[in-house]
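Right, one structure below, let's go through it.
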Amino acid sequence: MPGEAPMKNLVCERSRKALQFIEDVTRNADEVQRKVLAEILSRNANVEYLQRYGLNGNKAERETFKKVMPVVSYEDLKLDIDRIANGDTSQIICSQPISEFLTSSGTSAGERKLMPTIEEELGRRSLLYSLLMPVMNQFVPGLDRGKGMYFLFIKSEANTPGGLLARPVLTSYYKSSYFRDRPYDPYTNYTSPNETILCQDSYQSMYSQLLCGLYQNYDVLRVGAVFASGFIRAIKFLEKHWILLCNDIRNGTIDPKISDPSVREAVLKILKPNQKLADFIEAECTRESWKGIITRLWPNTKYIDVIVTGTMSQYIPTLDYYCDGLPLVCTMYASSECYFGLNLNPLSKPSEVSYTLIPTMAYFEFLPANRKNGLISSITAPTSLDQKKDQELVDLVDVKLGEEYELVVTTYAGLYRYRVGDILRVAGFKNKAPQFNFVCRKNVVLSIDSDKTDEVELQNAVQNAANHLLPFGASLTEYTSYADTSKIPGHYVLFWEICLSGTTPIPPSVFEDCCLAIEESLNSVYRQGRVSDKSIGPLEIRITERGTFDKLMDFALSQGASINQYKAPRCVKYAPIIELLNSRVVSNYMSPKCPKWVPGHNQWCTPN
């Protein structure tokens, strides 16, 4: 470790430069955005995609770009992306070689979307990470005097037919030299050695990261994971395995189940026998309640760094229970398509979190999102968007306070006017750069972890499953669903009302087959969560009494819904409705096994 005084001076200078960078690019947001677009277009002037629309990238002005380039979704780009995935190395969308594909948690035709990226994008992501702690240190000083206990994991990767890697964006970043070979910095000083993070086996990775975090408990000043659901999984893992972990700390050993040689070596460099610490952990874990377990085991923790916006907000009560009211901090806003921005007021309440888009990351445009918000939109149907093909997009500096927009990006890696699918609300401004609340992911009705299931996909899956009822003279009358996160891992719950016209009783195994049929019909992100990540529990069907959905309509009408416009919601979140449905359940069934899942796209796994 470098000398303390020189390192402190270096860190202070880096922080000053980072904060000045934020100040400069937000103050000159429109000028920066013009330069970003001009740079993207000029360097990609000869690519096939731009020339297809008659755009001369070398001479193109922003106004020409807006006039001739269409606003697109993934399906519009799929043929080009498939060409690249199959080995076409010509300049289709980008003048620089596509280095790999980043697999999105969003899906197309049931498979993860493939987002093209180029080598230099790693530097852009690294830049955004470098801004986080200088901002945080303004609100919570002294973070350089301890460590962060972050539960970070890699996921499976696959090769496209053309030989390019396809993997999640965080797996790409953690395996890059930007992360693995990062210079010593007190702000990126983690309790987990790189070897534990880069271990492919999720059990070994979680166990060894928890072991190192417990052993260094008094050094820990901040804890976190990417998503709230992942952090809670770590707590549940601790509940299940604390005896083994205590035994390792007491003896300075590591459990034989941890067989990865590099993990064992890295952990044993840290671990020494500590009877007193093991006794302390045992005493805390054997107490009747686990309320506040984070502050009890890691007493110097100042905040929890996890994403709790969007669907992750459903985990806030559980986090508050385990973390005894510590601040829940959402630091950045990013996706597979692009890293967007950061939270400049990180101690804000989760419901008030806003992200400032950093104008150098990409060229940003905004499609006004006229959501049809009825009085009881959360009770009835999912929010819909009024999409107008000819609607003009708004530039970054021209968005209006309080208005909602769908984010559209043009990236250095070859996405042009691409609809990300996130709905954002303008909450304020940092100089000329807007700050946005994340409202929702467009069309998503169910989500437990990184999975995103929309209404059409759910409808098709339910229809496939309902066919199992036909031989018994039964049919599905109505259904709805919700994401049950009362236990970890959370799971999808479907409420079914069925009509029995036959006399043959339906065996329980048939409803279990229905559960599995739905899971088999859902997208690969969901199935990976069930099979590989273990982040989603078995799907459940709850059979309700006849007339249940009439009661549901009565409730909605009593809350102000129009009888002419009412339709049964396909997803519910409102607690009184869930209580009503649960009060009328006559039986329930769980999926008997995991659905099928393999890394990569199905078509890649088909033998020639």
Do the charged groups of Arg43 and Glu120 touch, with an N to O distance under 4.0 Å? yes
Is it true that Asp260 and Arg264 have a side-chain N and a carboxylate O under 4.0 angstrom from each other? no
Stepwise, does the side-chain hydrogen bond (donor to acceptor under 3.5 Å, both in side chains) test hold for Ser229 with Asp449? CA-CA 6 Å; Ser229 54; Asp449 191 46; 2.4 Å; yes
Pairwise side-chain contact, Ser156 with Gln528, heavy-atom cut-off 4.5 Å (strictly under): yes
Salt bridge between Arg425 and Glu403, side-chain N to carboxylate O under 4.0 Å? no
Do the charged groups of Arg527 and Asp451 touch, with an N to O distance under 4.0 Å? no
Is the shortest side-chain heavy-atom distance between Leu122 and Tyr173 below 4.5 Å? yes
No-hydrogen, no-angle side-chain donor-acceptor test under 3.5 Å, Glu337 and Thr411: no
Does the side chain of Leu522 reach to within under 4.5 Å of the side chain of Glu457, using non-hydrogen atoms? yes
Do the non-hydrogen side-chain atoms of Met115 and Leu415 ever get within less than 4.5 Å of each other? yes
Say whether, by atom type as modelled, one donor and one acceptor occur between the side chain of Asp533 and the main chain of Ser535 under 3.5 angstrom. no
Gln51 atom CD, neighbour heavy-atom count above 12 within 6.0 Å: yes
Do NZ/NE/NH1/NH2 and the carboxylate oxygens of Glu13 and Arg16 come within less than 4.0 Å? yes
So does Arg83 pair up with Asp80, basic N to acidic O under 4.0 Å? yes
Would you tell me whether Gln209 and Ser205 have side-chain atoms, one donor and one acceptor, within less than 3.5 Å of each other? yes
Closest heavy-atom pair and its distance - Leu50, Met69: CD2-CE, 3.7 Å
Any luck finding a side-chain donor-acceptor pair between Tyr526 and Glu519 under 3.5 Å? yes
Any idea which heavy atoms bring Ser532 and Trp597 closest together, and the distance? CB-CZ3, 3.5 Å
Ion pair Lys175/Glu157, N-O distance below 4.0 Å: yes
Test side chain to side chain contact (heavy atoms under 4.5 Å, CB included) applied to Asn343 and Thr331, step by step: CA-CA 5 Å; Asn343 181 1; Thr331 56; 5.6 Å; no
Test log, rule side chain to side chain contact (heavy atoms under 4.5 Å, CB included), inputs Thr171 and Phe153: CA-CA 7 Å; Thr171 298; Phe153 304 93; over 6 Å; no
Can the ring centres of Tyr339 and Tyr333 be said to be less than 6.0 Å apart? no
Which is it for Glu75 and Lys78 under the salt bridge (Lys or Arg N to Asp or Glu O under 4.0 Å) test, yes or no, and what are the steps along the way? CA-CA 5 Å; Glu75 282 65 32; Lys78 193 171 184 309; over 6 Å; no
Would the Tyr129 and Phe179 ring centres measure less than 6.0 Å apart? no
Where Ala413 and Thr117 come nearest, the two heavy atoms and their spacing: CB-CA, 3.7 Å
Between Lys257 and Asp201, is the closest basic N to carboxylate O distance under 4.0 Å? no
Under a 3.5 Å threshold, yes or no: a donor from one side chain and an acceptor from the other, between Tyr492 and Thr453? yes
Checking ring pair (Phe, Tyr, Trp, His ring centres under 6.0 Å) against Phe436, which of Phe340, Phe366, Tyr405 comes through? Phe366
Please report the closest heavy-atom contact between Ile81 and Leu114, naming both atoms and the distance. CD1-O, 3.4 Å
For the NZ atom on Lys432, are there more than 12 heavy atoms of other groups (residues, nucleotides or ligands in this structure) within a distance under 6.0 Å? no
Residue of the set Arg419, Arg62, Arg417 for which salt bridge (Lys or Arg N to Asp or Glu O under 4.0 Å) holds with Glu365: Arg417
Is any side-chain heavy atom of Val36 closer than 4.5 Å to one of Tyr412? yes
Would you call Asp30 and Lys35 a salt bridge, using N to O less than 4.0 angstrom? no
Step by step, would you call Asn159 with Leu165 a side chain to side chain contact (heavy atoms under 4.5 Å, CB included)? CA-CA 5 Å; Asn159 284 97; Leu165 275 173; 4.0 Å; yes
Any side-chain donor paired with an acceptor under 3.5 Å for Asn431 and Glu23? yes
For Cys330 versus Tyr355, what's the shortest heavy-atom pair and its separation? CB-OH, 3.3 Å
How about Gln91 and Asn46: does a side-chain donor come under 3.5 Å of a side-chain acceptor? no
With rounding to the nearest 0.5 Å, note down the distance linking CD1 in Ile232 to CE in Met312. 9.0 Å
Given 3.5 Å as the limit, does a donor-acceptor pair link the side chain of Thr160 with the main chain of Leu164, or not? yes
Counting distance only, does the side-chain N/O of Thr196 pair as donor-acceptor with the main-chain N or O of Ser192 below 3.5 Å? no
Could you walk me through whether Cys94 and Ile118 satisfy the side chain to side chain contact (heavy atoms under 4.5 Å, CB included) test, starting with their C-alpha distance in whole Å, then the side-chain angles of each, then the deciding distance to 0.1 Å, before giving a yes or no? CA-CA 9 Å; Cys94 186; Ile118 55 179; 3.9 Å; yes
So do the side chains of Tyr363 and Tyr416 get within less than 4.5 Å of each other, counting heavy atoms only? no
Does either side chain, that of Asn44 or that of Ser95, offer a donor lying less than 3.5 Å from an acceptor on the other one? yes
Is any side-chain heavy atom of Glu195 closer than 4.5 Å to a side-chain heavy atom of Glu265? no
Minimal heavy-atom distance between Val71 and Asp76, with the atoms involved, is O-OD2, 4.5 Å
Can you tell me how far apart SG (Cys338) and CG (Leu102) are? Round to the nearest 0.5 Å. 11.0 Å
Ion pair present between Glu63 and Arg34, side-chain N to carboxylate O less than 4.0 angstrom? yes
Can you tell if the side chain of Gln20 reaches within under 4.5 Å of the side chain of Lys17, non-hydrogen atoms only? no
